[in-house]
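Scroll down for the structure; my scribbles are underneath it.
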Amino acid sequence: MPRPLFHLTPQRHWMNDPNGLVFHRGRWHAFFQYNPEGSDWGNMSWGHASSADLQHWEELPVALRYRPGEQVYSGSVVVSSPGENGQLVAYYTSAFADGRQAQSRAISDDGGLTWQRDVDNPVLDRGTNAFRDPKIIRFQDHDGGFRWIMLAVEADDRQVLFFSSTDLRSWEHLSTFGPIGATGVVWECPDLIPLAVDGRADDVRWVLLLSTNPIGEDADPEGSSMSFVIGQFDGTAFTAESSNLQRLDHGRDFYAGVSFDSAPDGAAVILAWMSNWRYAGNVPSSPWRGAMSLPRRLSLISVDGEPRLVQEPPTFVTERLASVTPTTLLGSPEPLGLILSGHSLVDLSWDPATTGRLRLHLQGDADAVVELVHDIEPQLLRVTRSGVAVDAVHPDFSSTNAVPLAADGKARLLLSLDGPLLEVFVNGGRATNSNLVMLGSGSVSLTLETEQESPVTMSAVDLPSPAKIASPMTNKPLPAFV
Ligand code: FRU
């Protein structure tokens with residue numbers, strides 16, 4: 001499986017959840033669940049990478065290493081005081097060999113390279129076995145008072161516990177949210193993000209993010225996924241505006257997503273792990289295993305008076321696409337073809353009322369295909385991965401996922417394909433669908449068919465690896481459609 005070129009992967013070994021995402025001293029830092037000794041889950045520690053642009057990542061030494069009897073599970077980092085000299089404070093879950101899980105603290109004075117663990121660890125302990133994934137956020141009262149809020153799950157109880165602190169050391173339990181939604185899952189990696197609807201400061205809603213993983217003998221074979229619920233947070237308790245959890249990403253491989261602390265302009269930027277606990281250990285990549293998604297910026301817009309979550313791709317993606325002149329093609333039942341490098345961005349827009357059904361087909365040198373089909377009735381985009389190379393990964397790896405995509409009005413898709421990572425943004429991020437794909441390691445052919453003859457506008461571009469930026473190859477025009 002080819003290594004992604006514009007996503008974070010570890011040089012070697014196993015990676016899962018993003019941890020401690022923080023923007024500090026002009027750089028984006030991602031810590032992550034990491035096995036420093038092998039390509040299977042275990043010896044959990046925090047790996048570390050940083051980036052100036054969220055596209056090119058530099059891997060740094062392991063930040064927090066497991067110790068005999070204690071693994072370092074997921075958690076978060078905050079900049080404890082504003083400015084360049086602020087200390088970084090990390091909270092992570094100490095997963096002890098006796099099964100107990102409790103929250104521990106570490107500080108860094110050198111921008112996250114080295115960490116000192118607190119002598120009083122674990123500093124927050126309920127004596128339970130599934131208390132994990134602390135996420136620290138900031139809360140400003142109406143009267144100007146400021147507090148740190150910690151969210152952590154009691155995973156088996158499907159609950160998020162809220163705590164507050166003024167010194168980032170001692171925590172008071174405020175409230176508990178849940179359980180709601182499907183049973184037969186554990187809740188993991190919560191986050192709570194304030195977003196101003198349509199950018200209006202007087203209409204801030206709070207979006208609770210959750211990752212849910214099916215457990216038990218009859219566990220759902222679709223495996224782990226992310227959900228969200230929109231609500232209000234008054235500094236003490238979260239109140240959901242609906243009794244349902246909504247799916248955050250409709251694909252199979254988007255998990256444990258959380259936001260960066262201190263992102264410029266207060267932007268809500270999340271990264272997620274692009275895999276699924278159902279088969280993560282079977283994904284055939286070597287010598288690394290695990291990749292992060294593209295960073296996404298979250299916002300809320302109002303649609304028919306209701307807040308709706310939007311997940312936008314990063315600017316390096318939209319700017320690269322905007323740098324090429326779109327081509328208008330005549331879609332027809334006769335397939336049109338294009339060769340992509342396999343590390344590529346494709347932006348498509350069309351009018352479903354005139355094209356009818358639209359079908360995209362991706363195939364590389366592996367014995368597998370990816371198909372994206374938009375049907376007018378039902379108004380769904382279905383993404384299917386299938387084939388011998390797909391079935392070889394795991395019996396539950398072949399998949400079809402559907403995303404709502406209206407058929408009245410213009411439709412737009414942005415496909416980001418980076419080796420095994422396919423992320424689809426529907427209508428500017430109003431829905432997303434992220435999946436690992438098995439297209440092999442060479443170039444990938446993309447074919448397009450529409451039911452009726454009608455124009456389809458397309459921009460397609462290969463995204464070069466850092467080493468190739470200066471190469472004249474990257475400026476060659478796209479191969480013509482055949
Ligand atoms: C989520 C998770 C977390 C835990 C970590 C362990 O994927 O199960 O709940 O902290 O992974 O690696």
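Each ligand, and each atom within it, is numbered from 1 in the order the structure gives. All values reported here derive from a predicted model rather than from experimental measurement.
The distance criterion of under 3.5 Å between nitrogen or oxygen atoms is met by Q33 with respect to ligand 1.
Between N19 and Q33, the side chains place a donor N or O and an acceptor N or O closer than 3.5 Å (distance only, hydrogens not considered). Under the 3.5 Å distance criterion, with hydrogens and angles disregarded, a donor-acceptor pair is assigned to the side chains of D109 and Q87.
Counting the atoms of ligand 1 from 1 in the order shown, those under 4.0 Å from a heavy atom of W277 are 1 (C), 7 (O), 11 (O). Interface atoms of ligand 1 facing Y255, defined by a heavy-atom separation under 4.0 Å, are 1 (C), 7 (O). Those atoms of ligand 1 that come under 4.0 Å of a heavy atom in S74, given as number and element, are 5 (C), 10 (O). Of all atoms in ligand 1, numbered sequentially from 1 with element shown, those under 4.0 Å from a heavy atom of Y73 are 4 (C), 6 (C), 10 (O).
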Test D220 against R278 for salt bridge (charged side-chain N to carboxylate O under 4.0 Å, His left out), laying out the working first.
CA-CA 9 Å; D220 182 348; R278 187 80 186 177; over 6 Å; no
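The shortest separation from a heavy atom of W273 to ligand 1 is not under 4.0 Å, leaving the residue out of contact.
Here the two rings, on W115 and F31, have centers that are under 6.0 Å apart.
Nearest non-hydrogen protein atom to atom 4 (C) of ligand 1 is D133 OD1, 3.5 Å. Scanning the protein heavy atoms around atom 11 (O) of ligand 1, the nearest turns out to be D17 OD2, 3.1 Å. Of all protein heavy atoms, the one closest to atom 8 (O) of ligand 1 is E188 OE2, 2.8 Å.
Note on R205 versus D203: salt bridge recorded, some NZ/NE/NH1/NH2 to OD/OE distance being below 4.0 Å. For E312 and R296, the salt-bridge test fails: no basic side-chain N is under 4.0 Å from an acidic carboxylate O.
Within the 4.0 Å heavy-atom criterion, the part of N16 lying near ligand 1 is the side chain and not the backbone.
Using cut-offs of 30° and 60° for the angle between ring planes, the F131 and F163 rings count as tilted.
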